[in-house]
Every structure is written in structure tokens, then in C-alpha cells.
Engineer: 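Here it is: the structure, laid out below.
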Amino acid sequence: MHPARRAADGLVRARLLGRWSWPLSFDCSINRAAQRDALVSHRRLCTNRARCLNKEYASVNEGFFWTPEAEIGSLLKRHVKHQIRRFATSTKVNRNSRFDSLKTNDMEHFKSIVGAKGVIVDKDELVAANTDWMHKYQGHSQILLRPQTTQQVSEIITYCNSRNLAVVPQGGNTGLVGGSVPVFDEVIVNLGAMNKIIEFDEVSGILVCEAGCILENLDNFIGGKGFTMPLDLGAKGSCQIGGNVSTNAGGLRLLRYGSLHGNVLGLEVVLADGEVVNMLGTLVKDNTGYDMKQLFIGSEGTLGVVTKVSLLVPAKLGSVNTAFFACEDYTSCQNVLKEAKRQLGEILSAFEFIDRPALDMALTHLPGTRDPLPQSGKNFYLLIETTGSNETHDKEKLDAFLESTMEKGFVADGVVAQDSTQAASFWQIREGISEALGKAGAVYKYDFSLSPEHFYKIVEDLRDRLGSDAVVVGYGHLGDGNVHLNVSAREYKDELLEKVEPYVFEWVAKHKGSVSAEHGLGLMKPHALHYSKSAEAIALMERFKALLDPKGILNPYKVLPGTSKTVSTPASALNAESAVVV
Ligand code: FAD
Ligand code: MLT
Ligand code: ZN
């Protein structure tokens, strides 16, 4: 190996000095599970942030404001400030007067269904369940139910429907659009106790499990049998497969394995009237009429509660390579993508984009992270992963790819991980950006689908527009045309939000993109749905909602714009009358 290509820190680096060759010691077979293991504790920390902070928060008057109990650190103080500020801005949502409030009798009835242990009224636990991962949305539910069977879910929902009690289905509560937490006093139905693996066929690779199974646990279970989950995301240590299905989560492997609309073979769903619909097929091909399960994938808990999932999972391949590249400009990133598709083809398993401000966020706020290319000083970075079954073949392909992209000047600097620890360190940066942003301050988070040509232009345009008012960062799944545009500021401010919205939504609509590529609409974006869907399509969505949930009890105020335009009800002792959405 050329000496200039080996950095002192042990990473294999290559510059535009000449041909990039593989080090003799290069370990081409990086076990992705091992990479992931290194990140588990990091993930648990970040995805359980709400829980970690709970003990130090106390709610006041059951209202919008939070206050520290005793001694709190600066991070907590900042969150308190954000909470107060946030609820002083933006779109107002009124509590739907059709919904009743929880009575003592209801509690007793729920205990008769799920037992005393399945009815959570503990303040700390409720605070966590009422608060979203970003600490941006705060509900006021007085009760969380933890059913253990589909029958119990059905009985809960039947009862809530008859009593006009609104319900929020909740998984790991890692959603990023405020969909998983109550807006007011909705009953939280958390699927976490339904976490059994029902069956796994090692020939077909078909997995059937309950909705509350944690994604990472499923990956570990099938990993031991030579398979892997077709989706992977930074929240895998906490998110549940039912939540993944309900958000149609994309993540880091969609490029390779496609969306859950293709991988989910069947679902069991409890409808708003409590009826259990068995669509839990385990067939790869089934053209018997309408494919009803598709309606529930990505419906964010507004059409039914997912209780069981059947999935086609791919074989876990042994040869994994991870590379981190620096590019001179965004056009070069596009060129690398074009080449990767052509040259790496079937072994390409991730193509992730990180701009300089996003990289800096991670390096500044995530302990233990290091710049993989400290001397490059570029503004554009790519994390590329290949996964295949033949080490020699994969190596040859990647070699040729690296050589040609460097010769053509598309890649300015690069490093290939030599082992699983180094690969994990690259992934830690990419997957940790959302956590880093949360630590940096207030975040306005957008998740757009745009053509490769426009993928980064929106970041630049917004950056120009905001000037020094905020830090605009861009990262995301470039291979899927999914940009994560984030605006990081010291605090939430009306004036800043007014500069960002509706500007970004109009920009996306003008360029024929989608205002939500993968995170969904939740509470954050129903008002923006019309930028991506025609009036007729929205009307049809509303008809489906009315058909499946005539009383609108399932996750109200979310997804559909109409559901938030409701009449306000007088504030009860327990409930806020209206909420304000940023
Ligand atoms: P929750 O957050 O609890 O719920 C999400 C929505 O689904 C809510 O509307 C809820 O009502 C509904 N829901 C949950 N369970 C059920 C059920 N059983 N039946 C019916 N409705 C239900 N998303 C991506 O697409 N790609 C990413 O790469 C990605 N990375 C992330 C990284 C981090 C660090 C974090 C915090 C989030 C990330 N997300 C990503 C967001 C993503 O939506 C969630 O992580 C995940 O899919 C949600 O699963 P969950 O179990 O936490 O669901
Ligand atoms: C990601 O790709 O990192 C996730 O979707 C989370 C985020 O957008 O911050
Ligand atoms: Zn993402």
C-alpha cells in the first residue's frame, strides 16, 4: 500500500495522489451486527432521552409548562425553555369536543381487560409517554395501557369507541413528527408488551411476530439464523416493528431492500370498532383482490392498531465494506451515486449523504466521534456501504469503483474501514446526527423527497434565506432521494419559523417533491399534506378514514388536515383546551 494512504490513526485513506489500492490487512468481511453492537448503548441513550430526563422534570398545572424539580443541568434548562417557547407559537389545534374524558369507571374497566399491571398511571412513566423523542410535543394523557394480546387490544379499542375516548397507538415513541404522543388526553395504547416472535421459516425467510417487537431484537434473533431485517435505522434499539410499519419507516437499507410496502407480507390489525382483521398472510405472491394491508402501512395509527406483522427478510451476507468519502461539491456526490449504481449494482447497500455542518454537529455534540477525514476540509461527505456474499468479487468491484471515481475527480478524499470498529465509527456519525442536533438546541426538522438534482439545492437556498439566523444542515439517504433538511437554532422562534414555512413546502411542491419522504405527517405536517397530494387524493384519504374510524378516535389531529379543524371544548381539570403545533 502506498504509505500516503495510511493515516496514523489506522484508517485507510486515499487521496487524489494516485491509484487507491487495498491494504493487505484489509478486513473485507465486516460483520454489520458487530458494527451495530458498538452503537447499541449510544442508541439506547439517545432514543430513551425522554425517559432519562423525566425524573428531573415535573409538570405544572397539567398544562403546557414544564419546570425543573431541583437541580438541573444546562441541557435540561434549555429543554424547559424550548417547551415554553414552543407552545407559544404556530398552528392551533383544538380539542375535539366529541371526545369524552377519562372517568374512574374507565380505569376500572381497563384494569378488567389488561390487569392492574397493564394500566399505567405513574406520573414519571406518563411524562415519558406523553413526550416525543425530540421533546417537541407534549400531551396530557392520564393513562397508558399495555395490552399483552390482540384480544386485549380489541377489547380496549371497542370500549374506547363506545365511550368516545380518543386513542394514541404507541410503539417505541421514536417518531419524529409528533405522531406517537397524545395531543390532549388521549388514551395511550403501547404495544411494547406484545413482543413475541411467532414463527420464522428459515427456508423462505418469512418472519411472523407481534407488533411490539423491538427492531434490533428481531435483527438479533434472525441474525443468529443467517438473516437480517430489511430495514435499519438509528432508533433500532427502541423502535418497534409495529411502529416501523405504521410509519412505513425507510432508513439506511431501503436502497437495497426496498420499502416496507414490499417487504411486509401480512398484518393483523384492530380496527376502530375493535374488530380484528386477519391479513397476516405469509405468501410472497397473493393477488386475491385488494391488498388491504397496504392501507395500514404508513397510516400512522389513524386507521387501525397493528398487532402482528409478517415480513420477508433477506439473507445476511458476510462481506460488508464501509467507506467514507469527501467530495469537492454536490455535483460530485451525484456523480458518485451514478457510478455506484452502475458499478456496484447489486452489492450497494447504503448511500448516505452528510454535509459539512451536519458532520460538524456530530463531531461537536457526540462524545467519542472523530472526523474520518480530518485533512480533507471538504463540504460534502458520503458514507457508502456494500454488502455481498463473495469477498473477492466485492473487493474487485469496490476497487474498480474507487479507482474510477477518484480518477474522474468525483471523490476528493476517502477512507475504507479496516474493521468493524472503524465502520461503526462512520455509522455513529451518520446515525447520530439527529441526536447531535437535539443537543445543539431547537431543531426544525424536515424530511423531503426530491430528485437528485434538487436534493441539495433546497439546503443551499434555505441557508441563503436564513443567513445568520440559524444553522441549516443537510444529510440523508441520497441513494433514495431523501434529504433531511434541519434548521438548528438556539430556541424556537415565531420569526424564524415564518421564514422557513411555508417557504420550504412551497419549494418542495414547485420541484415535484414530497413533504414527507419517510417520517410521516404526524401532528407536525397535516397542514402541509396538500403540497404533496391532490385535493381528490386527500378527499379519498378522508373517506377511508371515515369508513374505518367513523368516530375519529384513532390518533386524532394527526395526518389528515381536517381532523385538527375541530371545535374547542371547555378545558376540564385534566385537559388542555388547545395545543399549538410547530
Ligand atoms: P412510535 O414513534 O411509537 O409511533 C410512530 C407512529 O406510528 C405514531 O403515529 C403511532 O401512533 C404509530 N404506531 C406505533 N405503533 C403502532 C401500532 N402498533 N399500530 C398502529 N400505529 C402505531 N424513520 C425513518 O423512516 N428512517 C430513519 O432512518 C429513521 N431514523 C431515526 C433515527 C432516530 C435516532 C430516531 C429517533 C427516529 C428515526 N426515525 C426514522 C423515525 C421513525 O419513524 C421511527 O424511529 C420508527 O419507525 C417509529 O417506530 P416506533 O415504534 O418508535 O413508533
Ligand atoms: C436519519 O436518517 O438519520 C433519520 O431519519 C433521523 C433524522 O432525520 O434525523
Ligand atoms: Zn432518515
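In listed order, ligands and their atoms are each counted from 1.
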Engineer: Scan side-chain atoms only and decide if Ser449 and Ser514 contain a donor-acceptor pair under the 3.5 Å cut-off.
Structural biologist: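 Per modelled atom types, Ser449 and Ser514 side chains form no pair under 3.5 Å.
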Engineer: Suppose we call two aromatic rings close when their centres sit under 6.0 Å apart. Are Tyr381 and Phe324 close by that rule?
Structural biologist: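 Ring centres of Phe324 and Tyr381 closer than 6.0 Å.
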Engineer: Glu435 and His365: side-chain donor and acceptor closer than 3.5 Å?
Structural biologist: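 Their side chains do not contain a donor-acceptor pair, so the 3.5 Å distance test is not met.
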Engineer: Under 4.0 Å, heavy-atom basis, I'd like to know which part of Leu191 is in contact with ligand 1: side chain, backbone, both or neither.
Structural biologist: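 Contact part for Leu191 vs ligand 1: side chain (C-beta onward).
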Engineer: Who's the nearest protein heavy-atom neighbour of atom 8 (O) of ligand 2, and how far?
Structural biologist: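 For atom 8 (O) of ligand 2, the nearest protein heavy atom is His519 CE1, 3.1 Å.
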Engineer: Going by the order shown, which atoms of ligand 2 are within less than 4.0 Å of some heavy atom of Lys445?
Structural biologist: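 Under 4.0 Å from Lys445, ligand 2 has these atoms: 7 (C), 8 (O), 9 (O).
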Engineer: Is a side-chain donor-acceptor pair under 3.5 Å present for Ser180 with Gln170?
Structural biologist: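 Ser180 and Gln170 do not have a side-chain donor-acceptor pair below 3.5 Å.
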Engineer: Between Glu431 and ligand 1, which part of the residue brings a heavy atom under 4.0 Å of the ligand: side chain, backbone, both or neither?
Structural biologist: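 None of Glu431 does.
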Engineer: I need the atoms of ligand 1 closer than 4.0 Å to a non-hydrogen atom of His477, numbered in the order shown.
Structural biologist: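 Ligand 1 atoms under the 4.0 Å threshold to His477: 28 (O).
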Engineer: Give a yes or no on whether the backbone of Asn379 and the side-chain of Asp355 come within a donor-acceptor separation of less than 3.5 Å.
Structural biologist: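 Between the backbone of Asn379 and the side chain of Asp355 there is no qualifying donor-acceptor contact (under 3.5 Å).
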Engineer: For the residue pair Asn161 and Asp273, what are the closest heavy atoms and their distance?
Structural biologist: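 That closest heavy-atom pairing would be ND2-CA, 3.6 Å.
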Engineer: For ligand 1, which is the ligand I care about here, please tell me if Gln240 has any N or O atom under 3.5 Å from one of the ligand's N or O atoms.
Structural biologist: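 Between Gln240 and ligand 1, an N or O pair is found under 3.5 Å apart.
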Engineer: Closest approach of Leu548 and Leu295, non-hydrogen atoms and distance?
Structural biologist: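 Leu548 and Leu295 have their closest heavy atoms at CD1-CD2, 4.1 Å.
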Engineer: Go through ligand 2 atom by atom and flag the ones less than 4.0 Å from a non-hydrogen atom of Ser434.
Structural biologist: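 Numbered from 1, ligand 2 contributes 6 (C), 7 (C), 9 (O).
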Engineer: What is the nearest protein non-hydrogen atom to atom 6 (C) of ligand 2, stated with its residue, atom name and distance?
Structural biologist: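 Sorting protein heavy atoms by distance from atom 6 (C) of ligand 2 puts Leu176 CD1, 3.6 Å first.
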Engineer: Counting heavy atoms only, which of Gly304, Ala235, Ser246 is nearest atom 33 (C) of ligand 1?
Structural biologist: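 The residue whose heavy atom sits nearest atom 33 (C) of ligand 1 is Ala235.
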Engineer: When only distance counts, is Asn486 in polar contact with ligand 2, meaning an N/O pair under 3.5 Å?
Structural biologist: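 N/O-N/O distance under 3.5 Å: no.
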Engineer: Could you tell me which N, O or S atom of His477 is nearest to the Zn ion (ligand 3)?
Structural biologist: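 So the atom name we want here is NE2.
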Engineer: Take a 6.0 Å sphere around NZ of Lys445 and say whether it holds more than 12 heavy atoms from other residues, nucleotides or ligands.
Structural biologist: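 Yes.
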Engineer: Verify whether the ring centers belonging to Phe325 and Phe380 lie closer than 6.0 Å.
Structural biologist: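 Phe325 vs Phe380: aromatic centres not under 6.0 Å.
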Engineer: Indicate, with yes or no, if the rings of Tyr444 and Tyr492 have centres closer together than 6.0 Å.
Structural biologist: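 Yes - the distance between ring centres of Tyr444 and Tyr492 falls below the 6.0 Å cut-off.
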Engineer: Are any of the N/O atoms on Gly172, whether in the backbone or the side chain, positioned under 3.5 angstrom from an N/O atom of ligand 1?
Structural biologist: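 By distance alone, the answer is yes.
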Engineer: Geometry only, no angles: is Val305 polar-contacting ligand 1 at N/O separations under 3.5 Å?
Structural biologist: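 No.
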Engineer: Backbone or side chain, does any N or O of Val306 fall under 3.5 Å from an N or O of ligand 1?
Structural biologist: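 For ligand 1, there is an N or O atom that lies under 3.5 Å from one belonging to Val306.
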Engineer: Between Glu518 and His477, do the side chains contain an N or O donor and an N or O acceptor separated by less than 3.5 Å?
Structural biologist: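 There is such a pair (donor and acceptor under 3.5 Å, judged by atom type) between the side chains of Glu518 and His477.
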Engineer: Does the N or O separation between Ser434 and ligand 1 drop below 3.5 Å for any pair?
Structural biologist: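 N/O-N/O distance under 3.5 Å: no.
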Engineer: Output yes when the distance from some N or O of ligand 1 to some N or O of Asn555 is under 3.5 Å, and no in every other case.
Structural biologist: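 Yes.
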Engineer: In the protein, which heavy atom is nearest to atom 3 (O) of ligand 2, and how far is it?
Structural biologist: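 Looking only at protein heavy atoms, the one closest to atom 3 (O) of ligand 2 is Arg430 NH1, 3.0 Å.
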Engineer: Does Gly250 have a heavy atom less than 4.0 Å from any atom of ligand 1?
Structural biologist: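 Distance cut 4.0 Å: Gly250 passes for ligand 1.
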Engineer: Between Glu268 and Thr150, do the side chains contain a donor N or O and an acceptor N or O under 3.5 Å apart?
Structural biologist: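 Present: a donor and an acceptor within the cut-off.
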Engineer: Restricting to N, O or S, what is the name of the atom of Glu518 that lies nearest the Zn ion (ligand 3)?
Structural biologist: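 Of all N, O or S atoms belonging to Glu518, OE2 is the one nearest the Zn ion (ligand 3).
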Engineer: Does Gln170 reach ligand 1 with a nitrogen or oxygen that is under 3.5 Å from one of the ligand's nitrogen or oxygen atoms?
Structural biologist: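 For ligand 1, there is no N or O atom that lies under 3.5 Å from one belonging to Gln170.
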Engineer: Evaluate the ring planes of Tyr446 and Phe505, with Trp represented by its six-membered ring, and classify them as parallel (under 30°), tilted (30 to 60°) or perpendicular (over 60°).
Structural biologist: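 Rings of Tyr446 and Phe505: perpendicular, over 60°.
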Engineer: Would you say ligand 1 has an N or O under 3.5 Å from any N or O of Pro169?
Structural biologist: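 Yes, at least one N or O pair falls under 3.5 Å.
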Engineer: Any heavy atom of Glu518 closer to ligand 2 than 4.0 angstrom?
Structural biologist: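 Per 4.0 Å heavy-atom rule, Glu518 contacts ligand 2.
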Engineer: May I have the step-by-step check of salt bridge (charged side-chain N to carboxylate O under 4.0 Å, His left out) for Lys551 and Asp549, ending in yes or no?
Structural biologist: CA-CA 6 Å; Lys551 291 185 170 183; Asp549 182 13; over 6 Å; no
Engineer: Is there a nitrogen or oxygen of Asn173 sitting under 3.5 Å from a nitrogen or oxygen of ligand 1?
Structural biologist: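 Indeed, backbone or side chain, Asn173 has an N or O that close.
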Engineer: Is ligand 1 under 4.0 Å from a heavy atom in the side chain of His519, in the backbone, in both, or in neither?
Structural biologist: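 The answer is the side chain.
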Engineer: As an exercise, identify every atom of ligand 1 less than 4.0 angstrom from a heavy atom of Asn244.
Structural biologist: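 Reading through ligand 1 atom by atom, the close ones are 46 (C), 47 (O), 49 (O).
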Engineer: Do Trp133 and Asn173 have side-chain atoms, one donor and one acceptor, less than 3.5 Å apart?
Structural biologist: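 Per modelled atom types, Trp133 and Asn173 side chains form no pair under 3.5 Å.
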Engineer: Which of the numbered atoms in ligand 1 are below 4.0 angstrom from a heavy atom of Gly301?
Structural biologist: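 Every atom of ligand 1 under 4.0 Å from some heavy atom of Gly301: 20 (C), 21 (N).
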Engineer: Is the Phe184 to Phe99 ring centre distance short of 6.0 Å?
Structural biologist: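 Between Phe99 and Phe184, which both carry aromatic rings, the centre distance is not below 6.0 Å.
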Engineer: Applying a 4.0 Å heavy-atom criterion (strictly less than), which segment of His477 is in contact with ligand 2: side chain, backbone, both, or neither?
Structural biologist: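 Under 4.0 Å from ligand 2, His477 contributes side-chain atoms alone.
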Engineer: Look at the aromatic rings of His484 and His519 and report parallel, tilted or perpendicular, splitting at 30° and 60°.
Structural biologist: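 The arrangement is parallel - the two ring planes meet at less than 30°.
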Engineer: Give the numbers and elements of all ligand 1 atoms closer than 4.0 Å to a heavy atom of Thr247.
Structural biologist: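 Answer for ligand 1: 5 (C), 6 (C), 7 (O), 43 (O), 47 (O).
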Engineer: Below a 4.0 angstrom heavy-atom separation, can you tell me which part of Thr302, side chain or backbone, both or neither, approaches ligand 1?
Structural biologist: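 Under 4.0 Å from ligand 1, Thr302 contributes no heavy atoms.
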Engineer: Polar-atom distance check: Ala249 versus ligand 1, any N or O pair below 3.5 Å?
Structural biologist: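 Between Ala249 and ligand 1 (N or O atoms, distance only) the closest approach is not under 3.5 Å.
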Engineer: Any side-chain donor paired with an acceptor under 3.5 Å for Arg253 and Thr228?
Structural biologist: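 Side-chain D/A pair, Arg253 to Thr228: present.
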Engineer: Nearest non-hydrogen contact with atom 49 (O) of ligand 1 belongs to which option: Cys239, Gly212, Gly175, Gly192?
Structural biologist: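 It is Cys239 whose heavy atom sits nearest to atom 49 (O) of ligand 1.
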